[in-house]
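Lettering follows sequence order; numbering is per chain, from 1. The structure presented is a predicted model; accordingly, all values stated were derived computationally and were not measured.
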Amino acid sequence: MSENAPNRVLLRAQDLVKVYPARGIGRTRTREVRAVDGVSFDLKVGETLAIVGESGSGKSTVANAVLRLHDVTSGSIEFDGKDITKLSRGQMHAIRRDLQVVFQDPYESLDPRMRLGDIVAEPLRIHSPDMKRSERQEIVREMMSLVGLGSMPLDRYPHQLSGGQRQRVGIARALIIEPKLVVCDEAVSALDVSVQAQVLDLLSDLKERLGLSYLFITHDLAVVRQVADRVLVLYHGQVVEEGMTDEVLDHPREEYTRNLIAAVPGQRAERERMKKETV
Amino acid sequence: MTNIAADAKFALQVRNLRVSYRSDNGPVEIVHGIDLDVLEGKTLGLVGESGSGKSITGKAVMGLLGRRMFDITADKLEVAGTETTPNSPKLTPGAAMIFQNPFTSLNPSFTVGDFLTDVIRHRHGLKGAAAKKRALELLDAVRIPDAARKLRSYPHQMSGGQQQRVVIAVALALEPRVLIADEPTTALDVTVQAKIIELLNELQKEHGMGMVFVSHDLSLVSDIADSVAVMYRGKIVERGDWGLMTGAAQHPYTKMLLASSPSVRVRSQRLSVSWDFEEELV
């Protein structure tokens with residue numbers, strides 16, 4: 001099968017379990033926490049899969065496991081056909097080229113002492129160390145205009161940028177080595193609504209142009225509706241419901257999903273209309 | 001506003017509120033003369049993006065801005081019929097305020113009971129058992145179960161939703177006629193947010209207080225507010241009833257905000273809108 005055949009599974013998580021052990025002694029002893037408790041999913045090439053849940057649902061733990069920022073207690077994560085839970089540091093290094101991340105907080109995820117040009121070029125320096133400086137500069141320029149920062153001087157520091165501009169820099173850094181999968185961990189949650197709109201549109205444009213797949217971690221069901229092809233609803237570390245986004249949001253099967261959707265603000269007009277219709 | 005009942009009373013009236021920041025290079029005006037009207041028992045939603053001046057406006061009304069750094073003027077600042085001078089060293093009487101992060105609003109080294117009885121003693125001169133009794137009533141009022149035990153709890157032992165309920169209880173201890181709620185649910189999960197909003201609505205009905213609900217979330221404001229004022233660059237650019245947030249908006253900035261907000265019900269082709277109206281506003 002060819003590299004980019006649709007329906008090819010890019011990421012397969014099977015029975016992921018992450019247990020944080022008990023800590024402390026006596027009165028301060030905490031019980032062990034099963035943050036992720038048997039989560040399985042497939043993500044196909046070119047697809048956006050959203051993992052949605054409230055705080056403590058385990059959604060970020062899943063993201064961190066996929067990125068191998070921490071190890072899982074049990075279960076397997078197959079990325080591009082390889083089980084990455086067993087790879088050594090060196091082997092993982094090669095995988096990271098295809099597996100990048102955009103974090104929530106554009107203020108904390110950029111090194112305040114690095115200039116923009118260096119921040120965006122860093123993945124290239126790491127993964128293509130032999131590349132000529134001039135060539136690297138050119139790719140950085142290209143990438144910056146792709147994320148709509150074409151006229152931004154590269155010698156700026158992060159603190160000179162707005163939140164939306166910083167998030168664009170974070171996206172440029174993630175995409176510069178042309179990854180296959182981008183994990184977006186609450187990537188638009190900290191942004192103003194108009195900026196969030198721009199970043200969401202940018203992410204979907206780039207997906208088309210570069211053939212990306214996204215694992216989108218979010219608490220916001222409106223964002224899920226906007227970006228995701230499929231959605232996984234997590235609660236207490238377990239998958240409550242899974243399916244095509246429109247199907248799950250329009251016809252939720254589970255009580256928990258229904259309550260979650262009902263709690264999303266901005267449905268007063270619909271509620272009042274329904275009230276009128278039933279009277 | 002046209003259809004105000006003749007006997008309706010204003011919980012808050014503000015005319016021509018201006019806030020200047022005293023910078024090293026002279027004063028910089030950041031709120032440019034805004035008017036607010038909040039009826040008793042009603043909610044005004046004050047919406048805008050970061051930097052629009054919505055939080056500064058809330059703090060200026062509450063009297064929280066330091067006079068060393070800010071200069072506040074208003075032709076009128078009236079809470080429940082009582083005129084207040086802006087820029088006074090005291091907090092505005094009759095007003096109370098709650099904030100986004102309940103944990104930073106509470107003192108981590110005091111129990112909930114200490115904190116509440118402190119406010120009650122200062123405000124009402126109650127001590128000992130009488131203060132404790134009032135504190136229990138307040139925790140009951142904000143629907144905290146097992147209130148007697150919760151009085152001995154520290155903030156970190158409670159969930160975010162419970163902490164925000166405690167903060168609301170402290171605000172209620174002041175018996176406010178107007179409550180200024182500055183993004184009170186932004187740090188909370190949606191299901192918890194829905195419950196806090198429900199609580200605020202119920203308390204408003206019980207106590208008849210007015211509320212200024214400051215938020216960046218247009219959907220949330222459309223749920224809770226009776227009337228809405230949209231702020232941009234220190235000015236109110238549009239106002240109307242809550243229907244403004246569901247499509248009746250006229251002003252290009254409000255329209256842009258609405259178009260940018262993703263909806264849980266329908267997917268938009270594109271969310272972002274170009275900002276070509278920016279010049280006409282300056």
Side-chain angles (χ1 to χ4, degrees), chain A residues 48 50 52-57 59 148 162-164 188-205 218-229 231 235 244-246 248-250 252 256-273, chain B residues 45 47-52 159-161 185-198 213 215-226 232 241-248 253-275 278:
Chain A
T48 299
V52 68
E54 299 191 278
S55 16
S57 63
K59 56 188 193 302
S162 70
V188 295
S189 312
L191 305 174
D192 263 330
V193 53
S194 60
V195 182
Q196 168 179 293
Q198 291 166 12
V199 172
L200 285 176
D201 281 351
L202 171 68
L203 286 171
S204 69
D205 287 349
T218 182
H219 69 281
D220 188 339
L221 284 168
V223 169
V224 170
R225 172 78 85 175
Q226 187 62 26
V227 299
D229 302 309
V231 59
Y235 178 63
M244 301 305 286
T245 303
D246 292 345
V248 171
L249 292 183
D250 293 336
Y256 177 74
T257 320
R258 269 198 292 278
N259 289 339
L260 202 59
I261 296 170
V264 176
Q267 304 184 74
R268 180 169 171 182
E270 283 82 5
R271 269 201 301 275
E272 305 224 333
R273 200 172 51 229
Chain B
V47 283
E49 297 191 282
S50 0
S52 63
S159 67
T185 59
T186 307
L188 306 174
D189 274 328
V190 278
T191 49
V192 182
Q193 162 170 286
K195 288 189 184 125
I196 295 288
I197 296 292
E198 197 184 301
F213 194 88
S215 177
H216 71 285
D217 188 335
L218 284 77
S219 322
L220 187 59
V221 166
S222 80
D223 280 355
I224 193 175
D226 300 292
Y232 180 64
D241 70 0
W242 68 271
L244 198 67
M245 297 288 100
T246 60
Y253 179 69
T254 318
K255 285 184 177 169
M256 185 280 292
L257 282 182
L258 287 169
S260 299
S261 305
S263 149
V264 73
R265 296 191 156 255
V266 281
R267 177 175 301 157
S268 325
Q269 200 59 28
R270 290 193 78 73
L271 283 174
S272 51
V273 180
S274 61
W275 285 62
E278 201 157 4

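For the atom pair OG1 (B:Thr191) and NE2 (A:His219), the distance works out to 11.0 Å, reported to the nearest 0.5 Å. Distance check: A:Asp205 CG to B:Ser272 OG gives 8.0 Å after rounding to the nearest 0.5 Å. Atoms CZ and CG, on A:Arg268 and B:Leu220 in that order, are 11.0 Å from each other to the nearest 0.5 Å.
For A:Asp220, no part lies under 4.5 angstrom from a heavy atom of chain B. For a residue to count as touching a neighbouring chain, one of its non-hydrogen atoms must lie under 4.5 Å from one of that chain's; by this rule A:Thr245 touches chain B with the side chain only. Of the atoms belonging to A:Leu221, heavy atoms from both backbone and side chain fall under 4.5 Å from chain B. Contact annotation for B:Ser263: only backbone heavy atoms (N, CA, C, O) come within less than 4.5 Å of a heavy atom of chain A. Interface residue B:Ile224: only backbone heavy atoms are found under 4.5 Å from chain A.
For the pair B:Leu271 and A:Leu200, the tightest heavy-atom approach, listed with the atom from each and the gap, is CD1-CD1, 3.6 Å. Across every non-hydrogen atom of B:Ser222 and A:Gly266, the tightest pair is OG-CA, 3.8 Å.
Between chain A and the residues B:Asp223, B:Leu218, B:Val221, B:Val190, the most heavy-atom pairs under 4.5 angstrom are made by B:Asp223. Comparing B:Gly51, B:Ser261, B:Ala194, B:Ser268 by how many heavy-atom pairs each has under 4.5 Å with chain A, the most go to B:Ser268.
Side-chain contact between B:Glu49 and A:Val193: present, with at least one pair of heavy atoms (C-beta onward) separated by less than 4.5 Å. Side chains of B:Met256 and A:Ser194 form a contact here, defined as non-hydrogen atoms less than 4.5 Å apart. Annotation: side chain of A:Gln196 is not in contact with side chain of B:Ser260 (no heavy-atom distance under 4.5 Å).
Here the side chain of B:Arg267 pairs a donor or acceptor atom with the backbone of A:Arg225 at under 3.5 angstrom. Between the side chain of A:Asp192 and the backbone N or O of B:Ser50 there is at least one donor-acceptor pair closer than 3.5 Å.
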